[in-house]
There are 2 protein chains.
Amino acid sequence: MIKVRPDADASFDESTFEGSLLATEKAALHLGKTAVWIEVPILQSRFIELAANCGFVFHHAEGDQASLCKWIDTEHTSRIPCFATHQVGVGAVVINLSSNQILCVRELRKNYRPYKLPTGLAELGEDLDQAVVREVLEETGINTVFEGILGVRHTHNIQFGRSDLFFVCRLSPLLDNDGSLPEPVPQSGEIEDACWLSVDEYRDMVNSDDDNVRHPMMQRIMDLVDQGADHDIQRTVLSSVVPGRKSSPLYHTPLTK
Amino acid sequence: MIKVRPDADASFDESTFEGSLLATEKAALHLGKTAVWIEVPILQSRFIELAANCGFVFHHAEGDQASLCKWIDTEHTSRIPCFATHQVGVGAVVINLSSNQILCVRELRKNYRPYKLPTGLAELGEDLDQAVVREVLEETGINTVFEGILGVRHTHNIQFGRSDLFFVCRLSPLLDNDGSLPEPVPQSGEIEDACWLSVDEYRDMVNSDDDNVRHPMMQRIMDLVDQGADHDIQRTVLSSVVPGRKSSPLYHTPLTK
């Protein structure tokens, strides 16, 4: 693949751009390349229109740059990979064992149920354990320790037409220096209420006969909670076989041997 | 959020675009909106440059359309969510129990080890079980049944700077009508070799003392394989509490009660 940056070469003015693009395409074909890529800074977007006239399409764009591509291998169908397809959400089951209480919030928006878990989106490059600890701290002011994963939900056609993988994690709250359970502080502008609810009260809610209150996924998650953390999906860090790539977490069921 | 499509309104010609955009922004602020969005067809990309001059940036783009946004609420930091952050990969552990053989491939590109599992990327909107069955069929011609998930690896800074969630799945091969194990057929142009390898031979390979042959993640996965499918992460379909949203699969460890 060949990258062309309009701003990197003075010869890319509007009058000569299409000619240069066609010459690049011809050279790429001659070299056995299968696709041509162009990166265009947003302030030179007039080149995007010109490239589109030559058969280029948007591959992706973010901030101040767009990446366009054109598949030029007429003998095979395009192998250009799709851009990212998923966002990753995290949900936090934070239970204080000694008082049998679960940390709950009510958001200012999107309340499908009276109380819900602290949730949020993982940021680009963030590990799941980092993301869920950060979200709990932001939404409730409670510091926690990641213990394991209880379940992963897969949904499609979420915002911007992409898909969502939602990891429900088990966490332990960190107690104050005097051993007491800290009071949650709801995040300003985002969270209407944050509180410790009795686990029994929460379980009654998700198991309710009322279709407007019950929560089938959280019913299952609470069954998994009751099994104990030893049964949760565990986080292990393993080295990669790809040259230069860092070690990565692998999540799997407990090994009994 | 307000969407403006330059092609939807004849008043959006280049000479009046900036004025119309500023008027829209003012109206949006007046309505208490926090952001303005513009969708621009690729063949009208000259409007992108004009919008960038008014403070808009690319949010995302694909095919023949770009979406730009501008956060206009000066009292709060931007809550515009990032576009998709992840691609989803699938790997297939296809073991024929009666012959104790595992389905392996060697790709034409990216061979970090002599043999590897059939792998690939889930397409947009595809469930994990659909994706892994499709990839095995494409790469080897073998029909399979999804059984469960053995592990999930999370890596960052993969192609286009995004992250990757790689789900290693356990599958059973479908036998021919006469009960025999079908011969794999390597995918033309992608796969150099596809074959049934003895599970013992494969395990010796991933457990090798040779750093160029051993595979730490697959060592762990083979330990999980040996535990038996009853211990794998299971797929359950549960209804959603979000109005209008379809049921979604939830993946979790087996419930023992």
Side-chain angles (χ1 to χ4, degrees), chain A residues 42-43 45-46 48-49 52 57-58 60-64 66 76 81-88 112-113 121-122 124-125 127-128 150-157 159-160 162-163 165 189 215-217 220 223-224 227 231-233 236 238-239 241-242 245 248-253 255-256, chain B residues 42-43 45-46 48-49 52 57-58 60-64 66 76 81-88 112-113 121-122 124-125 127-128 150-157 159-160 162-163 165 189 215-217 220 223-224 227 231-233 236 238-239 241-242 245 248-253 255-256:
Chain A
I42 194 167
L43 288 172
S45 294
R46 59 189 176 278
I48 294 174
E49 207 166 314
V57 293
F58 284 118
H60 63 278
E62 190 169 42
D64 61 3
H76 299 95
C82 185
F83 191 58
T85 48
H86 285 68
Q87 63 180 22
V88 170
Y112 304 113
R113 292 298 183 262
L121 288 179
L124 184 61
D127 273 359
L128 301 172
L150 289 154
V152 189
R153 186 191 59 197
H154 198 187
T155 44
H156 301 298
N157 210 11
Q159 63 183 358
F160 316 119
R162 279 1 221 190
S163 300
L165 280 162
H215 198 307
M217 185 183 80
R220 184 62 56 98
D223 289 343
L224 292 160
Q227 290 211 139
H231 290 263
D232 294 351
I233 298 170
T236 318
L238 296 173
S239 60
V241 302
V242 179
R245 189 175 294 170
S248 294
L250 180 75
Y251 301 92
H252 59 73
T253 58
L255 275 173
T256 51
Chain B
I42 194 167
L43 288 172
S45 295
R46 58 190 177 278
I48 294 174
E49 207 166 313
V57 293
F58 284 118
H60 64 277
E62 191 169 42
D64 61 3
H76 299 95
C82 184
F83 191 58
T85 48
H86 284 69
Q87 62 180 23
V88 170
Y112 304 114
R113 292 298 182 263
L121 288 180
L124 184 62
D127 273 359
L128 301 172
L150 289 154
V152 189
R153 186 191 60 196
H154 198 188
T155 44
H156 301 299
N157 210 10
Q159 63 182 0
F160 315 120
R162 279 0 221 188
S163 299
L165 279 162
H215 198 306
M217 184 183 79
R220 183 62 57 100
D223 288 343
L224 292 159
Q227 288 209 143
H231 290 263
D232 294 352
I233 298 170
T236 318
L238 296 173
S239 60
V241 300
V242 180
R245 189 175 293 169
S248 294
L250 180 75
Y251 301 91
H252 59 73
T253 58
L255 275 172
T256 51

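Convention: sequence-line order gives letters A, B, ...; per-chain numbering from 1.
- Most heavy-atom pairs under 4.5 Å with chain B: of the set His76(A), Gln227(A), His215(A), this distinction falls to Gln227(A).
- Most heavy-atom pairs under 4.5 Å with chain B: of the set Ala122(A), Ala66(A), Cys82(A), this distinction falls to Ala66(A).
- Aromatic ring orientation, His60(A) versus Phe160(B): tilted (interplanar angle from 30° to 60°).
- Contacts of Asp223(B) with chain A are made by both backbone and side-chain atoms, with heavy-atom separations under 4.5 Å.
- The candidate from Val152(B), Leu43(B), Val57(B) with the greatest count of non-hydrogen atom pairs under 4.5 Å with chain A is Val152(B).
- Using a 4.5 Å cut-off between heavy atoms, Leu150(A) touches chain B through its backbone atoms (N, CA, C, O) alone.
- Interatomic distance, Ile48(B) CD1 to Phe58(B) CZ, rounded to the nearest 0.5 Å: 4.5 Å.
- Side-chain atoms of Glu49(A) come within 3.5 Å of backbone N or O of Ser45(B) as a donor-acceptor pair.
- Annotation: maximal heavy-atom pairing with chain A below 4.5 Å, among Gly189(B), Gly63(B), Pro216(B), occurs at Gly63(B).
- The shortest non-hydrogen separation linking Gly151(B) to His252(A) is CA-CB, 4.2 Å.
- The contact between Ile42(B) and chain A is made by backbone and side chain atoms together, counting heavy-atom distances below 4.5 Å.
- If you measure heavy-atom distances from Leu165(A) to chain B, the contacts under 4.5 Å come from the side chain alone.
- Remark: Arg220(B) engages no residue in a salt bridge (Lys or Arg N to Asp or Glu O under 4.0 Å) (not counting sequence neighbours).
- Only the side chain of Leu238(A) comes within contact range of chain B, judged by heavy atoms closer than 4.5 Å.
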Would you please test Tyr251(B) and Leu128(B) for side-chain contact (heavy atoms from CB on, under 4.5 Å) and show each step?
CA-CA 10 Å; Tyr251(B) 301 91; Leu128(B) 301 172; 3.6 Å; yes
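- Proximity to chain B (any heavy atom under 4.5 Å) is restricted, for Asp232(A), to the backbone atoms N, CA, C and O.
- Per-residue counts of heavy-atom pairs under 4.5 Å with chain A were compared for Ile233(B), Asp64(B), Leu121(B); the largest is that of Ile233(B).
- Between chain B and the options Arg153(A), Gln159(A), His231(A), Arg245(A), the largest number of non-hydrogen pairs under 4.5 Å is found for Arg153(A).
- Take His154(B) and apply the ring-ring contact (aromatic ring centres under 6.0 Å, His included) test, not counting sequence neighbours, and it matches His86(B), His156(B).
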Carefully, step by step, assess Ser163(B) and Thr85(B) under the rule side-chain contact (heavy atoms from CB on, under 4.5 Å).
CA-CA 6 Å; Ser163(B) 299; Thr85(B) 48; 5.6 Å; no
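- Among the candidates Leu224(A), Val241(A), Thr155(A), the residue making the largest number of heavy-atom pairs closer than 4.5 Å to chain B is Val241(A).
- For the pair Arg162(A) and Phe83(B), the tightest heavy-atom approach, listed with the atom from each and the gap, is NE-CZ, 3.4 Å.
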